[in-house]
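Shown next, in structure tokens, is the structure this report addresses.
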Amino acid sequence: MNVLDFAHSFFAESARWHGYDGIPTRLLEHVGYSLEALAIAALIALPVGLIAGHLRRGGNALSMVATAGRALPSFGLLVLLFIWFGFGTLPVMVPLVVLAVPPILVTTYEAIQTVDPSPVDAARGMGMTEPRILFQVELPVALPVILGGLRTAAVQIVSTATIAAYVSFGGLGRYIIDGLYQKDYEKVVGGATLVAGLAVVTLLVFWALSKLTVSPGVRRSG
């Protein structure tokens with residue numbers, strides 16, 4: 001059997017669509033882990049990136065933090081935290097958040113820092129406060145790049161959240177881990193296909209979000 005045959009057999013089996021190990025249940029678990037990790041990473045990285053970019057300071061420090069975050073192996077960190085803290089969401093969330101923070105942090109900083117200074121200076125000349133300049137002048141222009149960072153982080157989380165299954169959590173990684181252990185290659189291929197499909201859906205969601213939130217003038221100028 002080839003990969004397509006394995007995938008067809010996996011999705012054609014009616015039992016895959018029901019119960020605690022059914023595709024809908026595992027998909028919801030995976031999306032839940034991914035959304036939680038992305039939300040935590042955004043809460044950490046967005047404020048820091050926005051403020052540092054607005055002040056035009058801290059670029060080197062942020063770059064060092066981002067490089068360190070990218071250098072940490074997610075799987076190794078998962079195993080280490082599982083040994084330290086045992087079973088729980090913490091060993092799963094920390095590696096995913098660490099993976100997601102660098103692209104959000106760096107792109108947010110660069111997006112704000114590279115905004116054309118002319119409208120910013122004009123806004124200061126009109127007496128606008130610094131927070132209003134950040135959110136009403138700089139952020140609308142920088143939004144496409146910031147969304148790009150969030151999109152990158154989201155896809156990385158969706159692809160990497162399969163490691164949750166290694167410490168007995170659910171999600172789509174359950175099919176891959178269990179399939180490898182059981183030598184059930186239909187399950188392995190089916191799980192990998194679902195993860196890839198979810199990553200594509202994530203890209204489409206951010207494409208639609210960009211169309212809805214970015215003003216046409218900014219899109220044209222970009």
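FYI, side chains are in, hydrogens and waters are out, and symmetry mates aren't considered; it's all heavy atoms of this structure.
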Are [X] and [Y] side-chain neighbours, meaning at least one heavy-atom pair lies under 4.5 Å?
X    : Y    : answer
D184 : D178 : no
T107 : E110 : no
D116 : V141 : no
V98  : L77  : yes

Test item: [X] side-chain N/O and [Y] main-chain N/O as donor-acceptor pair under 3.5 Å:
X    : Y    : answer
W17  : F11  : yes
Q113 : G53  : no
H54  : I112 : no
S63  : G59  : no
R174 : A165 : yes

For the hydrophobic clusters of this structure (ILVMFWY residues joined by side-chain heavy atoms under 4.5 Å, transitively), does one cluster hold both [X] and [Y]?
X    : Y    : answer
L150 : L203 : no
I177 : Y185 : no
V158 : V205 : no
L99  : I40  : no
I83  : I163 : yes

Can you measure from [atom1] ([X]) to [atom2] ([Y]) and round to the nearest 0.5 angstrom?
X    : Y    : atom1 : atom2 : result
Y109 : L55  : OH    : CG    : 9.5 Å
L28  : I23  : CG    : CD1   : 12.0 Å
L46  : I104 : CG    : CD1   : 6.0 Å
L38  : Q156 : CG    : CD    : 11.0 Å
L198 : T162 : CG    : OG1   : 11.0 Å
E138 : L50  : CD    : CG    : 9.0 Å

Pair M126-R132, side-chain contact (heavy atoms from CB on, under 4.5 Å): steps then yes or no
CA-CA 11 Å; M126 294 169 59; R132 287 186 63 195; over 6 Å; no
Review point. Got more than 12 heavy atoms from elsewhere within 6.0 Å of CZ, R56?
Key: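 Enclosed.
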CZ of F206: more than 12 outside heavy atoms within 6.0 angstrom?
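Counting neighbours around CZ of F206, more than 12 heavy atoms of other residues, nucleotides or ligands fall under 6.0 Å, so yes.
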* Asked: Using 30° and 60° as the class limits, which term best fits the ring planes of Y175 and F10: parallel, tilted or perpendicular?
  ->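 Y175 and F10: perpendicular rings.
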Between F169 and Y33, what is the ring plane arrangement, given parallel below 30°, perpendicular above 60°, and tilted in between?
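Taking Y33 first and then F169, their aromatic rings stand perpendicular (interplane angle over 60°).
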Check [X] against [Y] and note the closest heavy-atom contact, atom names and distance.
X    : Y    : answer
V188 : G179 : CG2-C, 3.4 Å
I157 : A100 : CD1-CB, 3.4 Å
G19  : T25  : O-OG1, 3.1 Å
A37  : V97  : O-CG2, 3.8 Å
V195 : S159 : CG1-CA, 4.0 Å
H30  : G173 : ND1-N, 4.2 Å

Intermediate values then yes/no, side-chain contact (heavy atoms from CB on, under 4.5 Å), K187 and D21
CA-CA 11 Å; K187 188 178 285 188; D21 196 39; 4.3 Å; yes
Residue pair L194, L27: steps toward the side-chain contact (heavy atoms from CB on, under 4.5 Å) verdict = CA-CA 8 Å; L194 286 167; L27 183 60; 5.6 Å; no
Steps toward side-chain contact (heavy atoms from CB on, under 4.5 Å) verdict (V189, T193) = CA-CA 6 Å; V189 172; T193 302; 4.0 Å; yes
